Amino acid sequence: MEVTLRVLPLDDGSEFLLLATPTGDPREREHNRDSAFVQALLTQDRIGVAFHDLNLRITHTNATFGPPLRPGSSLHDVMSPQDARELETALRLVLETGEPLVGQEQRVRSSLVPGLQWTLSLSALRLEDPQGRPTGVATLFTDVTAQRVERPHQELRHDASVRIGDSLDVIRIVQELADILVPALGDLASVDLAEAILEGDEPPKLTGGGQLHLRRVAVAAASGSWPDSLLSVGEPVPLMPDIPDVRKRQRGEGLLVPDRATAVAILGDPDLVRAFVPEHGHSAVATPLFARGLLLGSVNVWRTEQVEAFTEEDLELLQEIVSRAAITVDNARRYIRERRAATSLQQRLLPRPTRDTPAAETTGSYLPAGGGAGIGGDWFDVIPLPSLRVALVVGDVIGHGLHATATMGRLRTAVLTLAELELSPDELLTHVDDLVQQLVAEAKPQHQDSVGATCLYAIYDPASGRCEMAAAGHPPPILVRPDGTVEEIKVAPGPPLGVGGMPFEVTDLLLEADSILALYTDGLTALGGRDIESGTQRLVGCLAARCGPTRAPSLDAPSLDAITCDLLADTADPPPRDDATLLLARLRKLPEGSTVDWEFPSDPTVVADVRHVVARQLTAWGLDDFAFTTELIVSELATNAIRYAGGPFSVRLIRDEVLVCEVSDRGNAQPRLRRARTTDEGGRGLFLVAQLASRWGSRYRQSGKTVWAEQSLTLPTQ
């Protein structure tokens with residue numbers, strides 16, 4: 001080949017550098033190479049190329065897709081004015097600055113065919129002459145219309161899969177669904193749900209039009225404001241005509257509305273058109289929330305600002321997303337139903353939160369674990385007992401859920417039944433312990449370790465101020481005295497229920513009127529993530545701060561409800577890990593002179609004296625109207641004590657809302673009501689007492705027993 005040779009001496013003169021180059025003009029070779037490159041670009045059809053002069057008119061192009069570009073034409077000739085202005089602004093910036101434009105996504109709408117548009121990925125660079133002066137702009141572009149449609153669909157699918165399904169709140173799920181669809185798919189979205197879903201029930205299976213029992217529960221608008229004319233959140237769906245599109249929806253089929261005229265023709269009724277078709281809506285898709293053969297509701301999406309009409313691909317995408325949401329909605333519905341059933345069961349098993357008895361004013365509160373998300377086995381009870389006494393109970397079953405609630409119900413029923421027998425606290429817990437051991441034996445082997453409970457049972461007598469209590473593995477109560485001092489009562493510890501083989505001991509103490517007794521479960525001390533020791537200290541400190549001196553209650557004295565709210569204040573963050581139960585009792589004592597008692601020897605002749613002192617006391621109380629029946633009752637009970645018990649006996653009268661007559665002796669034989677035969681000389685005493693009193697019974701004491709009879713002091717109206 002012909003070359004041009006240059007020989008250059010190096011510094012020391014002994015060596016030379018030979019430079020050989022092909023003969024010819026290098027600029028000509030570069031020009032040939034550039035021409036080949038341009039020719040290659042213009043002859044292929046995958047990448048669009050257009051050369052623009054300084055006025056941005058097209059000089060050369062190879063475009064076979066997108067807008068119909070022709071040499072000599074301007075951008076305004078082939079695309080909408082708005083798109084042409086945007087593109088010209090970008091190209092003039094390239095001409096002025098020389099900074100290339102790379103990969104800009106440009107929407108191009110045809111000015112020749114309405115509704116026809118493309119999305120182009122556009123790059124542009126400035127053309128210059130040998131002196132560096134601008135001569136025009138070269139643009140390279142590819143059609144990404146299909147990718148533009150598919151990419152948002154993929155993002156929408158991903159967004160829906162992430163955001164839908166992490167909640168068991170039906171309203172939150174469908175609102176999240178509406179928010180996802182706007183503006184990614186349309187400009188307006190609404191969700192209608194069957195009214196039964198909101199209650200956790202299955203929706204009715206309907207066919208045809210009429211009352212569909214649907215209610216709008218969620219909406220979303222790209223503008224942020226839902227149109228006033230459309231059906232709003234909370235409003236029921238009006239009566240629908242019996243048309244094929246309604247029946248298709250009830251079978252689980254979707255609906256594509258290509259234009260407004262079609263929507264108007266489907267609905268027919270102008271009122272329905274105003275309720276369902278937005279003012280500028282031009283295209284819609286709708287699909288039912290369908291799960292397990294049940295029509296849970298409907299999802300509707302309209303386009304008002306987006307110019308493109310919905311396609312079958314859009315409907316398929318909506319059906320795919322809504323089908324996933326329908327499963328989540330159905331799961332949430334079933335959770336609502338089960339949660340409602342469990343909560344209703346527990347609420348029915350627990351007593352009413354406040355009670356007012358002659359012995360105490362009480363307020364109870366139960367807080368399930370998880371901030372209300374679960375149910376458990378804690379319970380409290382206030383049981384009125386004969387002779388104006390009251391039993392206070394707090395218990396805690398191991399575990400959570402329905403099995404714990406069911407066990408709690410059985411134990412509470414057992415305690416109520418045993419309390420009616422007027423057993424002492426230790427005897428009652430012994431019987432309940434036997435029941436729990438039976439439950440353990442009935443449980444499956446893998447569940448036996450999870451059956452158990454703790455319990456505290458206390459009996460308070462307002463006549464004497466005496467309180468007896470026993471604990472089965474339960475935290476001791478806290479006492480707030482009238483002077484404001486607070487102390488944790490030292491209760492003899494006992495094993496949890498179900499352990500067996502260990503006795504329970506009774507703690508006996510005298511309490512002053514207006515004292516506050518706080519019974520609780522260990523979940524209360526764990527509120528706010530505390531350990532038991534610090535939680536108990538907080539409980540004591542809060543009671544001391546809130547209760548204060550209560551010897552002379554006034555209007556400024558804190559209510560038990562207010563104290564309860566303060567003690568449960570740490571329930572929000574973090575949610576309680578265990579159920580928490582609190583029972584507060586403000587104790588009372590009967591007024592002085594409301595009780596009298598006498599001691600009598602075991603002699604039949606003293607029965608007349610018994611009747612005499614009782615009649616005299618009733619006169620002093622202004623209860624002469626009850627003298628006759630009370631004398632009969634007390635004489636029969638005294639006679640039985642003399643005849644069957646032996647030894648001295650005592651008589652006590654208690655007056656409050658009822659009149660209680662008690663006869664205590666040293667006998668251990670429980671009196672039994674029977675029907676005497678005509679030839680029997682005795683056996684009619686208790687029958688007579690049962691007829692005269694509103695109720696009667698007996699209870700054991702540490703030595704002997706007490707038989708009591710109660711009469712209402714409200715005389716029957718004539």
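As the structure is a computational prediction, the values presented were derived from the model and not from experiment.
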For [X] and [Y], which I'm curious about, is there any donor-acceptor pair between the side chains at under 3.5 Å?
X      : Y      : value
Glu488 : Thr536 : no
Trp708 : Glu422 : yes
Gln437 : Asp433 : yes
Ser559 : Asp561 : no

Validation row: [X], [Y] side chains within 4.5 angstrom (heavy atoms):
X      : Y      : value
Val614 : Trp598 : yes
Ser387 : Asp461 : no
Tyr457 : Leu423 : no
Leu637 : Trp696 : no
Val613 : Val596 : no
Met469 : Leu392 : no
Asp656 : Ser594 : no
Thr595 : Leu590 : yes

Taking only residues two or more places apart in sequence, or in another chain, which ones meet [X] in a side chain to side chain contact (heavy atoms under 4.5 Å, CB included)?
X      : result
Arg163 : Asp159, Glu176, Asp179, Ile180
Asp597 : Arg652
Thr454 : Asp396, His474, Pro496

request  = Starting from the C-alpha separation in whole Å, work towards a yes-or-no answer on salt bridge (charged side-chain N to carboxylate O under 4.0 Å, His left out) for Asp665 and Lys705.
outcome  = CA-CA 6 Å; Asp665 58 47; Lys705 67 179 182 298; 2.9 Å; yes
About how many Å separate [atom2] of [Y] and [atom1] of [X], when rounded to the nearest 0.5 Å?
X      : Y      : atom1 : atom2 : value
Asp514 : Asp483 : CG    : CG    : 11.5 Å
Tyr644 : Thr639 : OH    : OG1   : 10.0 Å
Glu487 : Leu543 : CD    : CG    : 12.5 Å
Arg586 : Thr363 : CZ    : OG1   : 8.5 Å
Ile489 : Leu479 : CD1   : CG    : 4.5 Å
Glu202 : Arg333 : CD    : CZ    : 5.0 Å

Donor-acceptor contact present, side-chain [X] to main-chain [Y], <3.5 Å:
X      : Y      : result
Arg481 : Ser515 : no
Tyr520 : Pro476 : yes
Thr581 : Thr521 : no

Do you know the tightest heavy-atom contact between [X] and [Y]?
X      : Y      : answer
Val390 : Ala359 : CG1-CB, 3.5 Å
Val689 : Ala709 : CG1-CB, 4.0 Å
Phe504 : Pro495 : CE2-O, 3.4 Å
Val170 : Ala332 : CG2-CB, 3.6 Å
Leu510 : Arg466 : CD2-CA, 3.8 Å
Leu618 : Ala627 : CD1-CA, 3.5 Å

query = Excluding sequence neighbours, so at least two apart, what forms salt bridge (charged side-chain N to carboxylate O under 4.0 Å, His left out) with Asp434?
reply =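 With sequence neighbours excluded, Asp434 shows a salt bridge (charged side-chain N to carboxylate O under 4.0 Å, His left out) to no residue whatsoever.
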task = Could you give me the CA-CA distance, side-chain angles and deciding distance for Glu468 and Arg389, then say whether salt bridge (charged side-chain N to carboxylate O under 4.0 Å, His left out) is met?
result = CA-CA 11 Å; Glu468 299 177 305; Arg389 298 171 304 146; 5.9 Å; no
query = Counting only heavy atoms not in Gln617, do more than 12 sit closer than 6.0 Å to its CD atom?
reply =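 Yes.
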Show which side-chain atoms of residues 425-432 pair as donor or acceptor with protein atoms under 3.5 Å away, not counting sequence neighbours.
from   : atom 1 : to     : atom 2 : distance (Å)
Asp426 : OD1    : Ser424 : OG     : 2.4
Glu427 : OE2    : Ser424 : OG     : 3.0
Thr430 : OG1    : Asp426 : O      : 2.8

message = If you apply the rule side chain to side chain contact (heavy atoms under 4.5 Å, CB included), what do you find for Ile173 with Ile164, and how did you get there?
response = CA-CA 6 Å; Ile173 293 170; Ile164 298 177; 4.3 Å; yes
request  = Report the C-alpha distance between Asp356 and Arg588 in whole Å, list the side-chain angles of each, state the deciding distance to 0.1 Å, and finish with yes or no for side chain to side chain contact (heavy atoms under 4.5 Å, CB included).
outcome  = CA-CA 10 Å; Asp356 197 351; Arg588 295 168 173 159; 2.5 Å; yes
Residues in side chain to side chain donor-acceptor pair (under 3.5 Å) contact with Asp169, at least two apart in sequence or another chain =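 For Asp169, no residue satisfies side chain to side chain donor-acceptor pair (under 3.5 Å) once neighbours in sequence are set aside.
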ask   = How far apart are the C-alpha atoms of Thr630 and Ile633, what are their side-chain angles, what is the distance that settles it, and do they pass the side chain to side chain contact (heavy atoms under 4.5 Å, CB included) test?
value = CA-CA 5 Å; Thr630 305; Ile633 291 173; 5.6 Å; no
task = Walk me through it: do Leu653 and Trp621 pass the test side chain to side chain contact (heavy atoms under 4.5 Å, CB included)?
result = CA-CA 11 Å; Leu653 293 182; Trp621 282 342; 3.8 Å; yes
